[in-house]
Student: 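Quick one: this structure, given as structure tokens, is what I'll be asking you about.
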There are 2 protein chains.
Amino acid sequence: MSMNNIDNTDLTKPEKRNAFSELMSSRGRQQRHIREHNNEAKECQSYSFSARDGLGPYIAHPESHSANTVVYYNDDFVVIHDKFPKSTLHLLLLPRDTEKTRLHPFDAFEDIEFLNKVKAEVKKLRPLAASELRRQFGKYSAQEAMRQEALNAETPPDELPAGRDWDKEIMCGVHAHPSMNHLHVHIISMDRHSERLKHRKHYNSFSTPFFVRIEDFPLARDDPRRHPGREGYLRWDFVCWRCGNNFGNRFSELKRHLEEEFEHWKRL
Amino acid sequence: MSMNNIDNTDLTKPEKRNAFSELMSSRGRQQRHIREHNNEAKECQSYSFSARDGLGPYIAHPESHSANTVVYYNDDFVVIHDKFPKSTLHLLLLPRDTEKTRLHPFDAFEDIEFLNKVKAEVKKLRPLAASELRRQFGKYSAQEAMRQEALNAETPPDELPAGRDWDKEIMCGVHAHPSMNHLHVHIISMDRHSERLKHRKHYNSFSTPFFVRIEDFPLARDDPRRHPGREGYLRWDFVCWRCGNNFGNRFSELKRHLEEEFEHWKRL
DNA sequence: TATTCCGATAGTGAC
DNA sequence: GTCACTATCGGAATGAG
């Protein structure tokens, strides 16, 4: 799925290495060297320094990770599959700009030029994500039936029926209080159908204003989402993203309901 | 282990039956009759009417229960094994006096004559309980070694060494806020070694002033134990009954510690 | 203030 | 604010016709 490759040697040029060094934690060069020496895939994914720095290795060395994880990368971005997806499709868009990657997204996106670069990359990424949804669920979808039929015809037509607009089923944005230190934009399908969705915060971080869509930036100075703790988004009742039913504190009941909704959703 | 039997027919004499009828809940005679008809052992132990009336059947019909449960009974008392023992030895002394059995122990024991009858029965029961502890743990006890040795000699002496004073390892009293509606006095060994000890309240109800020893009655008017909720005994930190160590809220750690203490305690 | 089951909540440790 | 493990805490039902 890799779309662009960057010359590996670019990353080892002195100026580049210095830049990437800033991605690392505050420990000294020597220890960093030891770590880079042990830089196997398994090691990279563990919480070697801090649990919150887990995205750093993907940004620093996307080429050293499996294609199962890294969707694509270029000079400015790395796109990976979230290791703990909270929906059937859950990607992370990681800007590599060393001036931004350690910033809170609200601060990073104050730079309109940078924001626009991110928005442009999201715009590029959306169709990729939509096509992945079609690949996974097209066979169940009523709206896809004609398109699938045309595809399977003996002589497929030059122009396929549009089928379902999967782009509508994807949302892109950041958490008002990210848990990982490196700037990351979630590209996530709506379904919330995942074994990894286990806690209240998992659900509400994608289903309340705690999730701030990229198109909502730049954020107004008085936007309440700037104070997610004060607003208590993560403690809100569970509300189904699709039907709006309120499940109070009953997470298990919500999970069972999400299963049902998923079955309907993929058949639309 | 039964020491006294009462004539079964006594319980069915009209005046007696009326008396025992008061032990039942507020439902009518007809339903009561149906219940007594279904009065099998299993049925008696279930929470047929209310979870808090579970001791009633033992008081009303001790003769219809297994000797594994009923230790002994006479006209005035029934002694049973607690169905959910919170120590290796845990008996309940149940006064049968229909004027008292529905009272809170603090009220029932205001009647000094009645209190003295209960104290006398406790005094009788203690040696029985102590001998049961000796039976169970004498073989581990250092203080019992000489006595056990004498017992196992070819010609046992007329007078055995005293051995360990197991009476000290028993405490007798009531809960400041009993959970079961019928008046009951706990006869319980100190060890708190039981699979049934599962919750904070289980432990603290026997290890704080929430447990009021029978010898502390009559209770002063201003005794703080009259207000167990206000005093918050059941919410106290866990404190080992033997070494006094404080385990905070860490119930599991307390449980592991109790296991160790038990191994030492039985070897004294 | 019973037990039991189920589930929500809270604290910890991760190299 | 990661995950994963353990454990604490919290509500609801508990029978029988």
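A note on names: the letters A, B, ... follow the listed sequences, proteins ahead of strands, and every chain is numbered from 1.
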Student: Across the strands shown, which category fits B:H184 at heavy-atom distances under 4.0 angstrom: base, sugar-phosphate, nothing?
Tutor: nothing
Student: Take A:D53 and A:R102 through the salt bridge (charged side-chain N to carboxylate O under 4.0 Å, His left out) test and state the conclusion after the steps.
Tutor: CA-CA 10 Å; A:D53 286 328; A:R102 286 288 186 173; 2.9 Å; yes
Student: If I pick the C1' atom on C:dT4 and the same atom on D:dG15, what distance separates them, to the nearest angstrom?
Tutor: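 Those two atoms are separated by 15 Å.
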Student: Out of the candidates A:I187, A:L94, A:L93, A:V185, only one should pair with A:V79 under the side chain to side chain contact (heavy atoms under 4.5 Å, CB included) rule; please name it.
Tutor: A:L93
Student: Under 3.5 Å between N/O atoms: give me all the protein pairs with nucleotides 9-11 of chain D, atom names plus distance.
Tutor:
residue : atom : partner : partner atom : Å
D:dC9   : OP2  : B:R200  : NH1          : 3.4

Student: Please give the distance between the P atoms of C:dA2 and D:dG17 as a whole number of Å.
Tutor: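 Between the two P atoms, the distance is 28 Å.
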Student: Does the ring centre of B:H184 sit less than 6.0 Å away from the ring centre of B:Y58?
Tutor: no
Student: Of the nucleotides D:dA4, C:dT1, D:dT2, which one has an atom closest to the side chain of B:H177?
Tutor: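 Closest nucleotide among those given: C:dT1.
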Student: Less than 6.0 Å separating the ring centroids of A:Y73 and A:H65?
Tutor: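 Centroid separation for A:Y73 and A:H65: 6.0 Å or greater.
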Student: Identify which nucleotide among D:dT2, D:dT8, C:dT3 has an atom closest to any side-chain atom of B:R196, counting heavy atoms from C-beta outward.
Tutor: C:dT3
Student: Tell me which residues in residues 203-236 of chain B put a heavy atom below 4.0 Å from DNA chain C, sorted by number, or none.
Tutor: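 Output list: B:L234.
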Student: Using a 3.5 Å limit on both distances, find every run of at least three consecutive Watson-Crick or G-U pairs that involves DNA chain D.
Tutor: C:2-14 with D:2-14
